[in-house]
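See below for the structure under consideration.
One-based numbering, in listed order, for ligands and for the atoms of each.
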Amino acid sequence: MSVLRLAIPSPLRRQFDYLPPADLSAEDAAALQPGVRLRVPFGRREVTGYLICVQPHSDLPAGSLRRALEVLDSAPLIDPALLQLCLWAAAYYHHPVGEVLGAVFPRRLRAGGAQLPAGEPGWRLTTRGMGLPDGALARAPRQALALAMLQRECAVTAAEFDRQGVTAAVLRNLRDKGLIEAARIAATARAADSGADPELTLNPEQAAAVAAVLRQRPGFSAHLLEGVTGSGKTEVYLQLIADCLARGGQALVLIPEIGLTPQTLERFRRRLDAPVAALHSALGDAQRYRTWEAAREGRARVVIGTRSAVFTPLPRLGLIIVDEEHDSAYKQQDGFRYSARDVAVKRAHLEQCPVLLGSATPSLESMYNALTGRYHHHRLTRRAGTGKLPQIKALDVRRLPLRAGLCPALIEAVRDSLQVGHQVLLFLNRRGYAPTLRCHDCGWVAECEDCDARLTVHRQRRRLRCHHCGAARPLARRCPGCHSDALLASGLGTEQTEDFLRQHFRQWPVFRVDSDAMQGRAAMPALVARVNEGSPCILLGTQMLTKGHHFPGVNLVGVIDTDALLFSADFRGEERMAQLLTQVAGRAGRVGDCGTVLLQTHYPDHPALQAMLHHSYAAQARDMLARRQAVGMPPAGQLVMFRTDCPKAATGEVFLQRLHDAAAPQLPQGSALIGPLPSPMQRRAGLFRCQLLLTADSRRAARVAAALLVDIAAGLPLRHGLKWSIDVDPLDVF
Ligand code: ADP
Ligand code: ZN
Ligand code: ZN
């Protein structure tokens, strides 16, 4: 007898046994391969399950097993290494394996749908179209452009036409003339200009990094590429990818969500003579599915994607790159809480290929691995091309008059820069007009009804908004307590500084760059293009500005509120600050003269700031590591967080206390529990949050202890709408 052990999309952290479908012979059932999808009954529903293995028997009595209804795939759609990766991730993150697999398959396949015919919708020339003389359609330039593309490529996908600005109406016109016809086209045909850009000659540091990675082939090796902003990391990636392609492999490139701009993609497409596909959250289901299939069939040779792309099936995977590896966007913060960077390293290990993590400001995790010899460490210490590294100075603003947060010296410096035709970038990591609305007469403060947080004043949209749960209400004109109209917006946000800059620097354009001003995918690329035309302007923005964008004309960077970064309650606060400031600083002087970075502060002697001024990020990272080591925090020690969310404060605390008491006597050596404690921000979106922290001195102890806690938690009753979650290697403990 064969029993099918399946992963089922369900919150239960276990696998489920089923009998094979009735119409399947015993041999066929025994020969089913792990990874195939099956339609099975589950409770009163039918769901898609994934075969983990075929067993000779079940631990449950045979009479109690239900029968699977149908095998959906004749062969598994994911290969054994990817299935193994999913099983590892489910075990490591203590997440239900059915939900992990759900993250791998596109919606259509998750819902049990059949595979679609290969190819993308597109167009090709008819016989008549092929016979057209040169210079035809000269009076319809758009149609002529479309025709020229088809003459070059034989067939072009609708997506590629769209990318080149050829509209559906133009194509319909050509079709009506009998010149082109619709067709399904092998997806990800390479772009028209693919491989058009030549390879650059690497400088010695870049060449050394490339050679070092190539030397470790074949097989697994992990590399940290620590290169200052503008040092040519991307060039290193490109040459390694070219090598991987030349050997017939596929390459996976991960980038943080915000870094995947059309320019990035364009740069890869123009340099690599191979089909390059992108996977990101803005894709529709159909497009995501087609890209997934193209990768799975090996047609897409390079896949560039955000976090979840780490689970893309790539049968000939030969190289993984994680760009800006320190970026917190790699960590999924709800549901299946995984780190795409860490999964990428594991995947390279399972697939026996190199993985390269790149950053100007590596995470302490990766620094630790590099310093302890687990990763090869390569450095790019100077800027490629002509750019020089900027000079960083602190501006002591104590006792100085501030206008919208700017001291006279900074205002002066901005004017000087603009007057000689340079661009200026001002950094203020707080959007909105002001973070607090207060009544001058009675002291009332506008607070969110659902969070322990103040509401931010957004003046342009006349709203009060909570930046934690998204709640919004109209901007009050009178105090609800005393009806006074003396309401003060206090504190500083980007809208306020923008108002000042516009008044004070009338001759020059001011661009505000935050998530309010930059809505829609096209906004940021349009801004980057506009700014990079080069005329002097002021860019004022939040951390949105710091992520990977190139502004070669920027010569002065001002950090308006450095102090907001200096003081953070979280154990990663200092690391975040150092990364953010280094990344902001990296925007200055990318081409030509050496730029200047001015940090406004009330605490010019603060050690973290001094470190920033006098040491490299690397030296600072070593310092921070030593301090983490002293207190047993990650990456020196292991951290796992259990959190409850529930409508009543006491419920979560009681639950976690019971969990604590049941687990404490059985904890493995080297692990300990802290709490339960209310989260630093206790109430959020109407739910009370409480946490129990597990610390351990080894991964093994952490795994064993976490498994114990998960087991106990699964057996505790869930009362009053309580939900609990586990976060392995949490980014922060809020
Ligand atoms: P990073 O990814 O480290 O920020 P990039 O790869 O984007 O840096 O390179 C920064 C700039 O330097 C780009 O304009 C790039 O074309 C240029 N560059 C990189 N490597 C070289 C090289 N070997 N020779 C000349 N220019 C280079
Ligand atoms: Zn009042
Ligand atoms: Zn709120």
Under a 4.0 Å heavy-atom limit, does Arg267 contact ligand 1 with its side chain, its backbone, both, or neither?
-> side chain

Run the salt-bridge test on Glu266 and Arg271 with the 4.0 Å N-O cut-off and return the result as yes or no.
-> no

Judging by distance only, is a nitrogen or oxygen of Thr201 under 3.5 angstrom from one on ligand 1?
-> yes

Assess Gly227 for proximity to ligand 1: is some non-hydrogen atom of it under 4.0 Å away?
-> no

Is it true that atom CD of Gln460 has more than 12 heavy atoms of other residues, nucleotides or ligands lying nearer than 6.0 Å?
-> yes

Does Arg383 approach ligand 1 within less than 4.0 angstrom via side chain, backbone, both or neither, non-hydrogen atoms only?
-> neither

Electrostatic pair Lys233-Glu226, nearest N-O below 4.0 angstrom = no

With atoms numbered from 1 as shown, which atoms in ligand 1 lie under 4.0 angstrom from a non-hydrogen atom of Asn203?
-> 23 (N)

Which of the numbered atoms in ligand 1 are below 4.0 angstrom from a heavy atom of Glu235?
-> 6 (O), 20 (N)

Gln239 touching ligand 1 at heavy-atom level, < 4.0 angstrom = no

With a 4.5 Å limit on heavy-atom distance, are the side chains of Leu272 and Leu245 in contact?
-> yes

Looking only at heavy atoms, is any part of Leu200 under 4.0 Å from ligand 1, and if so is it the side chain, the backbone, or both, or is it neither?
-> side chain

How about Thr306 and His280: does a side-chain donor come under 3.5 Å of a side-chain acceptor?
-> no

Could you tell me whether any N, O or S atom belonging to His440 is less than 2.8 Å from the Zn ion (ligand 2)?
-> no

Looking at CD1 of Ile255 and CG of Asp327, how far apart are the two atoms once the value is rounded to the nearest 0.5 Å?
-> 10.5 Å

Protein-side N, O or S atoms sitting under 2.8 Å from the Zn ion (ligand 3) are Cys448 SG, Cys451 SG, Cys466 SG, Cys469 SG

Identified salt bridge (Lys or Arg N to Asp or Glu O under 4.0 Å) partner of Asp516 from the options Arg431, Arg459, Arg430, Arg461 = Arg431

Note: Gly652 and Cys646 closest approach over all heavy atoms is N-SG, 3.4 Å

Walk me through it: do Arg341 and Glu324 pass the test salt bridge (Lys or Arg N to Asp or Glu O under 4.0 Å)?
-> CA-CA 10 Å; Arg341 177 195 63 216; Glu324 307 289 356; over 6 Å; no

Cationic tip of Arg307 within the cone over Tyr330's six-membered ring, i.e. under 6.0 Å and within 45° of the normal?
-> no

Contact flag His483/the Zn ion (ligand 2), N/O/S atoms, threshold under 2.8 Å | no

Between the main-chain N or O of Met681 and the side-chain N or O of Arg689, is there a donor-acceptor pair closer than 3.5 Å?
-> yes

